[in-house]
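Before any comments, here is the structure.
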There are 2 protein chains.
Amino acid sequence: MARWDPNARQRLERAALELFVRQGYDRTTVAEIAERAGLAKSTFFRHFADKREVLSGGDALTRLLTGAVAAAPPGAGPRQAVEAALAAVGAQAFTAERHETVRERQQVVAANPELTERELLKREALAAALTAALRERGVPEPTAVLAAVLGLLALRAALARWTARPGQDFTALALAELTALCEAAAAL
Amino acid sequence: MARWDPNARQRLERAALELFVRQGYDRTTVAEIAERAGLAKSTFFRHFADKREVLSGGDALTRLLTGAVAAAPPGAGPRQAVEAALAAVGAQAFTAERHETVRERQQVVAANPELTERELLKREALAAALTAALRERGVPEPTAVLAAVLGLLALRAALARWTARPGQDFTALALAELTALCEAAAAL
DNA sequence: CCGAGTGATGAGACCTTGTCCCATCACCAT
DNA sequence: ATGGTGATGGGACAAGGTCTCATCACTCGG
């Protein structure tokens, strides 16, 4: 019944998250995930480069952040561009309805060093992409790196708070974190 | 002849780096490394949690950085404490005689995503340790995080330049990077 | 001098991840 | 229907990593 169902990739992602939440990442085998999705082990590796990648969620976040930076008004400085990027993420990625899924995913990742490693690699790539987007706006070199890093620092801190309790607005949390960081930076 | 030679761990590290440089990380098996060190595969995993860990170099860098922060004069602010930490690293870790080894290691790591992931995890742990050391000095929360991140950012940038060409002083490079970052931060 | 204890090692069975190849199946166009 | 295309299944295979048990060198007390 499963063969040729169109959403193989999505089915694998869902099956993986469910199993990881229920019994843990390392007590879940790839064969198990594939079976639950109605597929074979070899098919799993056709969709994902490795077991960790099934939780990566693609490059949606990167496109969201860099897109918002590029779309910021011409007069906006790096600070405003990063704020726009955080607002975009709050509006389209970390919304109230996705709260539960994001929270589960965060917990699974935090509980496993392997997954955390992968997360850090993604964040590094994200930082590079953000820096490039800022440079594209004419932001000079050291400032672009700094603004990108601070933006991701604020994003991560806000995400931790947002997943901890429901009902809060991610954008507000992120902007508050960014403000605190910028004030601390000015006083250095 | 090798059994009971005292420096098993060091022998494994050397053998690994040599093989990685000569034939690449993923074309080198753990069995090969162990054989070259005169040991068995199972002994390798008694000394290192996994294949990547053989290049981690232990926690010497962490102790160096946090130690220097803790030993900074009481009147010094976070900026001066981080500068002291960078100077300590330049004086005791990234010295001229270790230049070649550090350069080889950097190249191997940069060429392999798996090793880069591990490196990022180490850097994250390092950032946490640095932040804690600064907090211990009474530096308030957002400032401690920021100073630690900027310090590591400067360290990484300086390391890239230092390994690129020999003969330069690491400390001077790192302090220059930090100054540039702080100036950019003040202008945000 | 000898024997028990200790700690590092060797050897090998075993499971999982990840790669690769080939046969198979569904769907589509002619 | 007929052949092409692309996703899948299945299984063999290498390497990473875990675990257990036997072995060896060294030490210390009798």
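Below, each value reflects all heavy atoms present in this structure, side chains not excepted, and no hydrogens, waters or symmetry copies. Sequence lines set the chain letters: A, B, ... in the order given, protein chains first and strands last, and positions in each chain run from 1.
Between A:Glu35 atom CD and D:dG10 atom C1' the separation is 14 Å, expressed in whole Å. A straight line from CG of A:Leu39 to P of C:dT24 spans 20 Å, rounded to a whole angstrom. Rounded to an integer number of Å, the gap from CZ of B:Arg9 to C1' of C:dG7 is 17 Å. One can place CG of A:Asp26 at 13 Å from C1' of D:dG17, the figure rounded to the nearest angstrom. Distance, B:Lys41 NZ to D:dG16 P: 8 Å, rounded to whole Å. In this structure, A:Glu114 places its CD atom 15 Å from P of D:dG16, rounding to the nearest Å.
Contacts of residues 49-56 of chain B with DNA chain D (heavy atom under 4.0 Å): B:Ala49, B:Asp50, B:Lys51.
Heavy-atom minimum distance, B:His47 versus B:Ala8: NE2-CB, 3.7 Å. Across B:Phe170 and B:Val89, no two heavy atoms sit closer than the pair CE2-CG1, 3.9 Å. The two atoms that bring B:Leu130 and B:Thr66 nearest to each other are N-CG2, 4.3 Å, heavy atoms only.
Taking 4.0 Å as the cut-off between side-chain N and carboxylate O, A:Glu177 and A:Arg161 count as a salt-bridged pair.
Side-chain atoms of B:Arg46 and base atoms of C:dG10 include a donor and an acceptor less than 3.5 Å apart. Taking 3.5 Å as the limit, the base of D:dG9 and the side chain of A:Thr43 contain no donor-acceptor pair of atoms between them.
When the nucleotides D:dG16, D:dG9, D:dC19 are ranked by their closest atom to the side chain of A:Ala40, D:dG9 comes out on top.
Below 30°, between 30° and 60°, or above 60°: for B:Trp162 and B:His99 the angle between ring planes is above 60°, a perpendicular geometry.
Residue contacts shown for A:Thr29 are limited to sugar-phosphate atoms, with no base heavy atom under 4.0 Å away.
A 4.5 Å side-chain heavy-atom check between B:Val102 and B:Leu159 finds at least one atom pair inside the cut-off.
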